[in-house]
K.L.:
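A single structure is presented below for examination.
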There are 2 protein chains.
Amino acid sequence: MSDLGSGTTENRSFAELVTHQRACRRFDAGADLPDEDVLTMITHATHAPSAENSQPWEFVVIRSIETRRRFGDIMSEAWAIGGADYVRQAAPPTVYADIEDGIAAGGLLTAPVVVVVCADLDRVAEPWSAASIYPATQNLLLSAAYLGYGSCLTTGLTTIFADQVRDLLSLPSTVVPMAGVYLGRAARRLGLPRRDPAATHMHRETYGNSWT
Amino acid sequence: MSDLGSGTTENRSFAELVTHQRACRRFDAGADLPDEDVLTMITHATHAPSAENSQPWEFVVIRSIETRRRFGDIMSEAWAIGGADYVRQAAPPTVYADIEDGIAAGGLLTAPVVVVVCADLDRVAEPWSAASIYPATQNLLLSAAYLGYGSCLTTGLTTIFADQVRDLLSLPSTVVPMAGVYLGRAARRLGLPRRDPAATHMHRETYGNSWT
């Protein structure tokens, strides 16, 4: 078991940090997440690469409980009208239970900060927007772990609910929400992430040619 | 000036690593990049989050000079028929010059290893494939920096040239190339990445509400 997400981890190596980082869906609602740490995480996010160094990202930082509740309502609606069915079919029961706890049972609402990561399509062509936003988003998650916070990346808002998120956050028409990142101190110790051995997804020279 | 990309950096903090990581487009063609380090980088890549922990990634690791040349030819063709014009219009002259050096002047061909990161659409629905692949790709770039290598993320292959890449690497029809990552020891010391101050892209509660 790891204590990432529930304490300071600044002396950990990158290898420890990256192999322990995993989704946190229930937070210590009373623990502080100061602006200074939010700024550090987003500074780290903006050091990711982007197409032609276009830096097309915009970060909306939500602390207000009203806005977080309304954001949660949008997620809950997405869950109710099809998200739950999709996840139940796509994921093993343990993953489904964890996501359900976050969305339907209020876990994610305990996060004191939600960062909505957006792409400004005035600054990057649409085919390259995702490649310019999700690397920055991953830096944000790793930086949270580095500073001792838990985090959860959600992308349900990128589909039919994007317009509701746009209304909620007053996003201009060219600014597209790509990720909702929940941040805070983890409510409990997080286990290690479950992953296949890397070599099972590696190919030598051409697809299907075994790595080992 | 930083020496990331040209030596071991395993004792650097995450904050140093993430703020120094930047694109490297010319490598020391004689320097080795052993399989062990490739496996470490891809292991780190696979610890990124993915939709419902679907882990839809596949990594094709290219060392063969013939395949690297043919891959480079595809990139050069994309550059010639429109890529150069697009980048010239979208990016400042220094960025254009750097990309041109990599693609048109053979810089990227000096990388001893190219990893093509793919999404298997049998394992993730298309709207969430990018959010499940680019975080892993960013872990790969950071891991390269951690191990003292330079790296360059390219995504030109995701468009009309995806079919040529599919042919070259024998990708099944459900496996989509999303990124070409060049890896090796940097040929020269890399400067710090140029980035806007993070706060200029941050908003409080709603878009347009200044962070500071």
K.L.:
Which region of A:V95, side chain (C-beta onward) or backbone (N, CA, C, O), has a non-hydrogen atom less than 4.5 Å from a non-hydrogen atom of chain B, or is it both or neither?
P.N.:
side chain
K.L.:
Under a 4.5 Å cut-off applied to non-hydrogen side-chain atoms, are B:H44 and A:T19 in contact?
P.N.:
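B:H44 reaches A:T19 side chain to side chain.
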K.L.:
Around B:R63, counting heavy atoms of other residues, nucleotides and ligands shown, do more than 12 lie under 6.0 Å from its CZ?
P.N.:
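More than 12 heavy atoms, drawn from other residues, nucleotides or ligands, come within 6.0 Å of this atom.
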K.L.:
Using the ring centroid of each side chain, check whether A:Y134 and B:Y134 are separated by less than 6.0 Å.
P.N.:
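They do not qualify: ring centres at least 6.0 Å apart.
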K.L.:
Would you compute the distance between atom OG of A:S170 and atom CD of B:E205 and round it to the nearest 0.5 angstrom?
P.N.:
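If I round to the nearest 0.5 Å, the distance is 11.0 Å.
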K.L.:
Side chain, backbone, both or neither: which part of B:D35 has an atom under 4.5 Å from a heavy atom of chain A?
P.N.:
both
K.L.:
Could you tell me which portion of B:R68 (side chain, backbone, both or neither) has an atom closer than 4.5 angstrom to a non-hydrogen atom of chain A?
P.N.:
neither
K.L.:
For a side-chain hydrogen bond (donor to acceptor under 3.5 Å, both in side chains) with A:N53, tell me which candidate from B:R194, B:R195, B:R22 qualifies.
P.N.:
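Running side-chain hydrogen bond (donor to acceptor under 3.5 Å, both in side chains) over B:R194, B:R195, B:R22 with A:N53 returns exactly one hit, B:R195.
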K.L.:
Quick one: pull up CG in A:L17 and NE2 in B:H47 and give me the separation to the nearest 0.5 Å.
P.N.:
12.0 Å
K.L.:
Enter the distance from B:L169:CG to A:N209:CG here, rounded to the nearest 0.5 Å.
P.N.:
11.5 Å
K.L.:
Taking the side chain as every heavy atom from C-beta outward, state whether B:Q138 and A:L142 have any pair of such atoms under 4.5 Å apart.
P.N.:
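They are not in side-chain contact.
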K.L.:
Do the rings of A:Y86 and B:W128 sit parallel, tilted or perpendicular, given the 30° and 60° boundaries?
P.N.:
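Taking B:W128 first and then A:Y86, their aromatic rings sit tilted (interplane angle of 30° to 60°).
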K.L.:
Looking at B:V60, B:D98, B:V116, which has the largest count of heavy-atom pairs under 4.5 Å with chain A?
P.N.:
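Between B:V60, B:D98, B:V116, the count favours B:V60.
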K.L.:
Please state whether the side chain, the backbone, both or neither of B:A15 comes within less than 4.5 Å of a heavy atom of chain A.
P.N.:
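Its backbone and side chain both get close to chain A.
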K.L.:
Is A:T137 in contact with chain B via its backbone, its side chain, both, or neither, using a 4.5 Å heavy-atom distance?
P.N.:
neither
K.L.:
So do the side chains of A:Y207 and B:E58 get within less than 4.5 Å of each other, counting heavy atoms only?
P.N.:
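Touching, per the 4.5 Å side-chain cut-off.
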K.L.:
Quick check on the interface: out of B:S54, B:P172, B:A90, B:P193, who has the most heavy-atom pairs with chain A under 4.5 Å?
P.N.:
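Highest number of pairs under 4.5 Å: B:P172.
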K.L.:
Shorter than 4.5 Å, heavy atoms on both sides: which option in B:A23, B:A45, B:S143, B:A136 has the most such pairs with chain A?
P.N.:
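That would be B:S143.
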K.L.:
By a 4.5 Å heavy-atom criterion (distance strictly below it), what part of A:T46 contacts chain B: side chain, backbone, both, or neither?
P.N.:
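Both backbone and side chain of A:T46 come within 4.5 Å of chain B.
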K.L.:
Under a 4.5 Å heavy-atom cut-off, does chain B meet the side chain of A:A51, its backbone, both or neither?
P.N.:
neither
K.L.:
Where on A:L168 is there a heavy atom nearer than 4.5 Å to chain B: the side chain, the backbone, both, or neither?
P.N.:
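Contact with chain B: backbone only.
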K.L.:
Any idea which heavy atoms bring A:L153 and B:P49 closest together, and the distance?
P.N.:
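It is CD2-CG, 3.9 Å.
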K.L.:
Just checking B:R70: does its CZ atom have more than 12 heavy atoms from other residues, nucleotides or ligands closer to it than 6.0 angstrom?
P.N.:
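No - once you tally the heavy atoms of other residues, nucleotides and ligands closer than 6.0 Å, there are 12 at most.
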K.L.:
Are any of the side-chain heavy atoms of B:L171 and A:T206 separated by less than 4.5 Å?
P.N.:
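No - every pair of side-chain heavy atoms lies 4.5 Å or more apart.
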K.L.:
Quick one: of B:N139, B:V175, B:T43, who has the most non-hydrogen atom pairs under 4.5 Å with chain A?
P.N.:
B:N139
K.L.:
With heavy-atom distances below 4.5 Å as the criterion, would you say the side chains of A:H201 and B:I42 are in contact?
P.N.:
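Counting from C-beta outward, A:H201 and B:I42 never come under 4.5 Å.
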K.L.:
Out of B:A179, B:P92, B:S64, return the one with the most heavy atom pairs under 4.5 angstrom to chain A.
P.N.:
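It is B:S64.
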K.L.:
Could you check whether any side-chain N or O of B:Q55 sits under 3.5 Å from a backbone N or O of A:D196, counting only pairs where one atom can act as donor and the other as acceptor?
P.N.:
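Flag set: sc B:Q55 to bb A:D196 pair under 3.5 Å.
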K.L.:
Once you measure the plane-to-plane angle for A:Y146 and B:F14, does it fall in the parallel (<30°), tilted (30-60°) or perpendicular (>60°) bin?
P.N.:
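Taking B:F14 first and then A:Y146, their aromatic rings sit tilted (interplane angle of 30° to 60°).
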K.L.:
Among the options A:A91, A:G208, A:A130, pick out the one with the most heavy-atom pairs lying under 4.5 Å from chain B.
P.N.:
A:A130
K.L.:
What residue, out of B:V115, B:T200, B:I62, has the most heavy-atom pairs lying under 4.5 Å from chain A?
P.N.:
B:I62
K.L.:
Would you say B:I99 and A:E52 make side-chain contact, with heavy atoms under 4.5 Å?
P.N.:
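Contact flag for B:I99/A:E52 side chains = yes.
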